[in-house]
Amino acid sequence: MRYGLLLTFLLIMFGLASCESSGANNGLTTHTEQVNKDHLTESLSKSSDKLIIAKRVGMENQYEDHKEINDEKSVSTVRSILNKGEWEEVKFLMTRPADYKVHFQPTDGSEAKAVLYEVWFTNDNAEIYISGIHSYKKTSKEDAETLGTILK
């Protein structure tokens with residue numbers, strides 16, 4: 001049973017990797033293009049935000065409040081990682097729920113559109129997805145380590 005599950009997992013991961021590298025369309029990615037960052041700018045540009053982090057509980061799609069970060073340097077670092085590089089427009093499917101769900105919340109009493117970032121830590125990278133607008137990015141190993149230190 002254990003080897004069957006492991007084999008199934010490896011086959012799924014191999015299939016996902018080949019879809020990504022070949023550009024095949026198996027429902028994982030419908031198309032890729034640069035995402036207009038206008039909808040992200042509002043949540044990523046404010047300096048008076050705090051970071052709200054929810055952590056997955058167990059293997060189910062259930063989350064509990066993990067922590068709030070008010071430290072301007074940490075919030076700015078996360079904002080910088082999210083702004084770095086290009087977001088791709090994709091329909092994204094992971095084999096497990098996100099490790100963390102993160103959003104910025106204004107501390108100055110203003111209102112902003114809440115953009116929920118789902119974060120997975122996989123193979124020395126962080127994969128980040130915004131389901132509402134189907135935007136995806138994968139970070140570098142260095143950025144994943146930094147993000148992991150802040151979120152965990």
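What you see below is based on every heavy atom in this structure, not just the backbone, and it leaves out hydrogens, waters and symmetry mates.
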Nearest-0.5 Å distance, [atom1] of residue [X] to [atom2] of residue [Y]:
{"X": "S76", "Y": "D71", "atom1": "OG", "atom2": "CG", "value": "9.5 Å"}
{"X": "K101", "Y": "I53", "atom1": "NZ", "atom2": "CD1", "value": "14.5 Å"}
{"X": "K55", "Y": "D99", "atom1": "NZ", "atom2": "CG", "value": "9.0 Å"}
{"X": "T107", "Y": "E72", "atom1": "OG1", "atom2": "CD", "value": "9.5 Å"}
{"X": "D143", "Y": "L82", "atom1": "CG", "atom2": "CG", "value": "9.5 Å"}
{"X": "N125", "Y": "E145", "atom1": "CG", "atom2": "CD", "value": "10.0 Å"}

Is [Y] close to [X] at the side-chain level, that is, under 4.5 Å between some pair of heavy atoms?
{"X": "N70", "Y": "V75", "answer": "no"}
{"X": "I130", "Y": "Y117", "answer": "yes"}
{"X": "E127", "Y": "M94", "answer": "yes"}
{"X": "I52", "Y": "F104", "answer": "no"}
{"X": "W87", "Y": "I133", "answer": "no"}

Find out if a path of hydrophobic residues (ILVMFWY) with successive side-chain heavy-atom gaps under 4.5 Å connects V78 to F121.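 Yes, same cluster.
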Membership question, hydrophobic clusters at under 4.5 Å side-chain separation (ILVMFWY): are Y63 and I69 in the same one?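 No: no chain of side-chain contacts under 4.5 Å links I69 to Y63.
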[X] versus [Y], closest heavy-atom pair with distance:
{"X": "P97", "Y": "R56", "answer": "O-NH1, 2.7 Å"}
{"X": "H66", "Y": "K152", "answer": "NE2-O, 3.3 Å"}
{"X": "A126", "Y": "A144", "answer": "N-CB, 3.4 Å"}

Is it the case that the side chain of [X] and the backbone of [Y] share a donor-acceptor pair, with hydrogens and angles ignored and the cut-off at 3.5 Å?
{"X": "R79", "Y": "I81", "value": "no"}
{"X": "T77", "Y": "K73", "value": "yes"}
{"X": "T146", "Y": "E142", "value": "yes"}

Counting only heavy atoms not in K67 (residues, nucleotides, ligands), do more than 12 fall under 6.0 Å from its NZ?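 Above 12, so yes.
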Which class fits the ring pair Y129 and W120: parallel under 30°, tilted 30 to 60°, perpendicular over 60°?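 Geometry flag for W120 against Y129: tilted rings.
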